[in-house]
Amino acid sequence: MAYDKVIVPRDGEKITVNADLSLNVPNNPIIPFIEGDGIGVDITPVMIKVVNGAVDKAYHGKRSIIWMEVYLGEKAAKVYDGEYLPSETLEVLKDYIISIKGPLTTPVGGGFRSLNVAVRQELDLYVCQRPVRWFEGVPSPVRQPELTDMVIFRENAEDIYAGIEWEAGSDEAKKVINFLEKEMGVTKIRFSEDCGIGIKPVSKEGSQRLVHKAIQHAIDNDLPSVTLVHKGNIMKFTEGAFKEWGYEVAAESFGAALLDGGPWMTLTNPKTGNDIVIKDVIADAFLQQILMRPADYSVVATLNLNGDYISDALAAQVGGIGIAPGANKGNAVSVYEATHGTAPKYAGQDKVNPGSLILSAEMMLRDMGWTEAADLIISGIQGAIAQKTVTYDFERLMPKATLLSTSEFGDAVIKHMDA
Ligand SMILES: NC(=O)C1=CN([C@@H]2O[C@H](COP(=O)(O)OP(=O)(O)OC[C@H]3O[C@@H](n4cnc5c(N)ncnc54)[C@H](OP(=O)(O)O)[C@@H]3O)[C@@H](O)[C@H]2O)C=CC1
Ligand SMILES: O=C(O)CCC(=O)C(=O)O
Ligand SMILES: [Mg+2]
């Protein structure tokens, strides 16, 4: 298929999806990439170099990734005459199934709030999967960072990220407030004259498909628990319902039974025979417990806003968002991306840590079944950190470390791939 601005390489093939959602990955898959704004220009080429290095080392030319640039954000606005979110890009991301993106700035005054959120919603990438693990030697603010080993499953399509809100004083806000007061009997809007209004949609279907994926991940990876994190004591019909629907899907789809009379549940992992506990915790208590008792948590399933906060908080425990990977996943299509943003003050300085995007690519390779290349990336990162050859974010906290630039760190990762 010919696109308007995207040049499809001749020497690659498409990844396709089977009816059971498994992937057919050719030996020369075309993978679309989005450079990203801000530090995207620094980290994306380094990620590509590291991935190519791992694939070459693992498969000696029998497999290779054929990269295809597609455009979103500021670069798209240049290529597509002012369009930040070209429909062609969304089409390519859908057609090619697996892709990877750098971070994007939300344009000031644009018609949408966040391009990143827009991509997730347009492609219905309803899972934001963010693993949090510690690499030996990474500086951490906690005493035993090795105890933090979790995978966040953040709902990615609903909640306040739907962007349904009206500015204080606007006709729309007044209209909604009027409706709430006159027709819904609401008496608790404290200052109704100057009040912004936001709506938080949370559905049964949206909650259950997310929790289903989280439980399946625990089964596939033989993990001991899935924790539903919510603020259901305050937001009963959104966050509270998420919890109820989560337990319901555990019982109805996976045969979970009440543990000691409930509400916690347990199920037997059909693949290993081990128990998986399904439990829940209120979000504020959870933020305390991840510091005090991180070993109690493994898979975490939560709503969109909680997941956003929890992602950065947990990343901090294992070294910060310089080393926090992620993936946005739908039923077939996935877009891999780091947890961090565009860090504009460092843009173009060849300074920041490319680890988050490299580890996002490592997740991508593993999901493609290219585990040998994925393993090499892990050993390369471990080796570079063990030698204390790191970027500024680690170097400033690590005694006697050698400061590397973004590109030098990428080269160090490649150098240590055999380690
Ligand atoms: N998915 C996405 O594309 C996301 C986009 N954004 C967007 O990014 C922009 C900037 O957001 P902001 O709130 O500043 O958050 P950022 O995540 O961009 O940066 C915050 C801080 O985190 C640290 N940091 C971020 N990335 C790295 C890295 N690769 N290596 C080392 N340290 C890193 C830096 O800390 P220090 O100063 O201590 O060195 C940086 O100042 C906004 O427009 C926001 O909307 C935000 C989050 C996600
Ligand atoms: O899109 C944005 O600007 C922020 C998104 C974000 O913080 C996240 O996905 O973690
Ligand atoms: Mg965030």
Side-chain angles (χ1 to χ4, degrees), residues 1 3 6 14-24 31-34 36 70-73 76 83-104 106 110-130 151-165 199-217 238 241-242 245-246 249 253 299-308 311 325-339 360 363-364 367-368:
M1 179 179 183
Y3 297 103
V6 174
K14 267 187 187 171
I15 292 175
T16 57
V17 184
N18 299 311
D20 66 356
L21 300 180
S22 60
L23 298 176
N24 298 309
I31 306 255
F33 73 94
I34 292 154
V70 296
Y71 307 97
L72 263 183
E83 265 188 80
Y84 285 82
L85 180 61
S87 55
E88 176 164 282
T89 300
L90 294 173
E91 217 175 293
V92 175
L93 299 183
K94 245 188 267 176
D95 283 353
Y96 283 82
I97 310 294
I98 297 275
S99 59
I100 186 159
K101 70 176 271 297
L104 297 169
T106 303
F112 34 79
R113 282 168 175 76
S114 155
L115 289 166
N116 308 298
V117 173
V119 169
R120 297 166 194 168
Q121 289 175 347
E122 291 287 334
L123 300 178
D124 199 24
L125 307 175
Y126 58 90
V127 175
C128 181
Q129 183 180 337
R130 291 177 164 171
V151 188
I152 301 161
F153 277 71
R154 164 188 176 191
E155 201 290 319
N156 221 13
E158 301 193 295
D159 201 351
I160 55 154
Y161 289 73
I164 309 167
E165 56 174 3
I199 304 270
K200 179 181 173 79
V202 175
S203 69
K204 179 172 178 174
E205 186 173 348
S207 302
Q208 291 198 330
R209 64 183 183 168
L210 181 273
V211 176
H212 195 286
K213 289 280 188 196
I215 297 175
Q216 191 60 51
H217 182 86
T238 50
F242 176 86
W245 291 326
V249 82
S253 300
V299 178
V300 173
T302 192
L303 300 99
N304 209 335
L305 180 62
N306 298 335
D308 199 353
S311 298
N328 303 292
K329 297 183 173 181
N331 284 332
V333 176
S334 298
V335 179
Y336 295 78
E337 73 172 335
T339 292
S360 304
M363 291 173 74
M364 178 182 84
D367 289 344
M368 286 162 58

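Worth knowing before you read on, the calculation uses all heavy atoms, side chains too, and leaves out hydrogens, waters and symmetry mates.
- Within the 4.5 Å cutoff, no side-chain heavy atoms of Val70 are placed close to those of Tyr96.
- Taken to the nearest 0.5 Å, the CD atom of Glu158 stands 8.5 Å off from the CG atom of Leu303.
- Residue pairs meeting the side-chain hydrogen bond (donor to acceptor under 3.5 Å, both in side chains) criterion with at least one partner in residues 85-94, sequence neighbours excluded, are Tyr80-Glu88.
- Put simply, CD1 on Ile199 and OG1 on Thr238 are 11.5 Å apart, with the number rounded to the nearest 0.5 Å.
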Please walk me through it: do Lys213 and Lys329 pass side chain to side chain contact (heavy atoms under 4.5 Å, CB included)? CA-CA 10 Å; Lys213 289 280 188 196; Lys329 297 183 173 181; over 6 Å; no

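- Annotation: side chain to side chain donor-acceptor pair (under 3.5 Å) contacts of Asn18 (sequence neighbours excluded): Ser22, Asn24.
- By the side chain to side chain contact (heavy atoms under 4.5 Å, CB included) test, Thr339 is found to be paired with Arg130, Ser311, Asp312, Ile321, Ala324, residues two or more places apart in sequence or in another chain being considered.
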Kindly indicate, with the supporting measurements, whether the criterion side chain to side chain contact (heavy atoms under 4.5 Å, CB included) is fulfilled by Val300 and Val151. CA-CA 6 Å; Val300 173; Val151 188; over 6 Å; no

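- Annotation for Cys128 and Asn328: closest pair SG-OD1, 3.9 Å, computed over non-hydrogen atoms.
- Rounded to the nearest 0.5 Å, atoms CD1 (Ile97) and CD1 (Ile31) are 11.0 Å apart.
- Scanning both residues, Leu125 and Gly330, for their nearest heavy atoms gives CD2-N, 3.6 Å.
- Under the salt bridge (Lys or Arg N to Asp or Glu O under 4.0 Å) criterion, Glu83 pairs with no residue at all, not counting sequence neighbours.
- Annotation: side chain of Ile98 is not in contact with side chain of Pro32 (no heavy-atom distance under 4.5 Å).
- Of all the heavy atoms in Leu72 and Pro86, the pair that sits closest is CD2-CD, 4.1 Å.
- In this structure Gln216 satisfies the side chain to side chain donor-acceptor pair (under 3.5 Å) test together with Asp220, sequence neighbours excluded.
- Side-chain contact between Asn156 and Val127 is absent, with no heavy-atom pair separated by less than 4.5 Å.
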Would you please test Asn304 and Val202 for side chain to side chain contact (heavy atoms under 4.5 Å, CB included) and show each step? CA-CA 10 Å; Asn304 209 335; Val202 175; over 6 Å; no

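- Ser99 contributes no side-chain N or O that, together with a main-chain N or O of Val335, makes up a donor-acceptor pair within less than 3.5 Å.
- Every residue meeting the side chain to side chain contact (heavy atoms under 4.5 Å, CB included) condition with Asn116, not counting sequence neighbours, appears here in chain and number order: Lys101, Leu104, Ser114, Arg120, Glu337.
- Remark: Thr302 OG1 to Phe242 CZ distance equals 5.5 Å, nearest 0.5 Å.
- Under the side chain to side chain contact (heavy atoms under 4.5 Å, CB included) criterion, Ala241 pairs with Trp245, sequence neighbours left out.
- The shortest heavy-atom contact between Leu21 and Val17 is CA-CG1, 3.6 Å.
- Remark: Asp95 pairs with no residue by the salt bridge (Lys or Arg N to Asp or Glu O under 4.0 Å) rule, at least two apart or across chains.
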For Met364 and Ser334, run side chain to side chain contact (heavy atoms under 4.5 Å, CB included): C-alpha distance rounded to whole Å, both residues' side-chain angles, the deciding distance at 0.1 Å, then the answer. CA-CA 9 Å; Met364 178 182 84; Ser334 298; over 6 Å; no

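- For the atom pair CE of Met363 and CE of Met368, the computed distance is 14.0 Å after rounding to the nearest 0.5 Å.
- Considering only residues two or more places apart in sequence or on other chains, Ser253 meets the side chain to side chain contact (heavy atoms under 4.5 Å, CB included) condition with His212, Val249.
- Take Phe153 and apply the ring-ring contact (aromatic ring centres under 6.0 Å, His included) test, not counting sequence neighbours, and it matches His217.
- Scanning for side chain to side chain donor-acceptor pair (under 3.5 Å) contacts around Tyr161 gives Asp308, with sequence neighbours left out.
- Among residues at least two apart or in separate chains, salt bridge (Lys or Arg N to Asp or Glu O under 4.0 Å) pairs with a member in residues 200-209 are Asp124-Arg209, Asp159-Lys200, Lys200-Glu239, Lys204-Glu248.
- Atom CG in Leu93 sits 5.0 Å away from atom CD1 in Ile34 (nearest 0.5 Å).
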